[in-house]
Amino acid sequence: PFLYVALFVVYESLSSIYLFLPPLFGVLFFIFADALKREDSLAIFLSAFCLVIFESQMGYPLFSSIIYLGLIYKFVLPKLKKIFSCKSCINASFVLLSYLGFYLFLTILSNIFLLPMPQLNYYIIYYMVIEFFIVSIL
């Protein structure tokens with residue numbers, strides 16, 4: 001597991017330089033949710049560490065992604081699992097919620113704490129498509 005974290009740190013550095021590499025936020029959400037479901041404390045810690053690395057690379061507030069993903073896992077995902085019966089639909093919702101939902105969450109945080117508004121660019125759609133295929137493989 002520690003090798004995967006080291007590879008992720010290197011990959012995340014490369015994805016901030018080369019914009020065609022997705023930041024794997026949807027994949028991290030999927031791994032984080034799976035670790036929470038299995039109650040694997042090492043996997044939760046390592047995925048949370050990777051999320052903090054993601055936040056630092058993107059310039060987001062510290063622990064914002066962990067708080068957001070914890071809230072989504074606790075309150076939204078059980079409702080989605082009742083609505084959708086197909087695994088691909090749930091995986092697509094992971095990726096969709098990770099990017100668009102996190103953008104809305106950051107917008108709310110920005111309004112509450114008077115922080116700069118997060119930027120939304122067109123690469124997000126590309127990232128969501130690529131990460132949907134990655135999550136569907138997992």
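All residue numbers refer to positions in the sequence shown, counting from 1.
- For the atom pair CZ (F105) and OG (S110), the distance works out to 10.0 Å, reported to the nearest 0.5 Å.
- In this structure, I31 is not a member of the same hydrophobic cluster as L7, with clusters built from ILVMFWY side-chain heavy atoms closer than 4.5 Å.
- When atom types are taken as modelled, the side chain of Y60 and the backbone of F54 share no donor-acceptor pair closer than 3.5 angstrom.
- For the pair D40 and I44, the minimum side-chain heavy-atom distance is 4.5 Å or more.
- With ring centers used as reference points, F25 lies 6.0 Å or more from Y127.
- Remark: I66 CD1 to F32 CZ distance equals 6.0 Å, nearest 0.5 Å.
- Sparse packing is recorded around CZ of F45, with 12 or fewer heavy atoms of other residues, nucleotides or ligands lying under 6.0 Å away.
- A continuous path of ILVMFWY side-chain contacts below 4.5 Å connects Y99 to L96, so both sit in one hydrophobic cluster.
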Under 3.5 Å, side-chain donor or acceptor atoms of residues 14-23 against the rest of the protein: list the pairs with distances, not counting sequence neighbours.
residue: S15; atom: OG; partner: E12; partner atom: O; Å: 2.9
residue: S16; atom: OG; partner: S13; partner atom: O; Å: 2.7
residue: S16; atom: OG; partner: Q57; partner atom: NE2; Å: 3.1

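- Residues L77 and F29 have side chains in contact (heavy-atom distance under 4.5 Å, counting atoms from C-beta outward).
- Each of M128 and Y122 belongs to its own hydrophobic cluster when Ile, Leu, Val, Met, Phe, Trp and Tyr are linked at side-chain heavy-atom distances under 4.5 angstrom.
- Linking ILVMFWY side-chain heavy atoms closer than 4.5 Å, directly or via other members, places Y123 and I130 in a single hydrophobic cluster.
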Side-chain donor-acceptor pairs under 3.5 Å in residues 112-120, sequence neighbours left out?
none

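- At distances below 3.5 Å, not a single donor-acceptor pair connects side-chain atoms of E131 with backbone N or O atoms of V95.
- For the atom pair OG (S93) and NZ (K79), the distance works out to 14.0 Å, reported to the nearest 0.5 Å.
- Using bins of under 30°, 30° to 60° and over 60° for the plane-to-plane angle, the ring pair Y68/F102 lands in the tilted bin.
- A continuous path of Ile, Leu, Val, Met, Phe, Trp and Tyr side chains, each step under 4.5 Å between heavy atoms, connects L62 with L71, placing both in one hydrophobic cluster.
- In terms of heavy atoms, A43 sits closest to R38 at CB-NH2, 4.0 Å.
- Once rounded to the nearest 0.5 Å, the distance linking CG of L51 with CG of L24 reads 11.0 Å.
- Note that CG of L36 and OG of S41 are 11.0 Å apart. Values are rounded to the nearest 0.5 Å.
- Within a 6.0 Å sphere centred on CZ of F49, other residues, nucleotides and ligands contribute 12 heavy atoms or fewer.
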Scan the side chains in residues 81-92 for donor-acceptor partners under 3.5 Å anywhere in the protein, sequence neighbours excluded, and list what turns up.
none

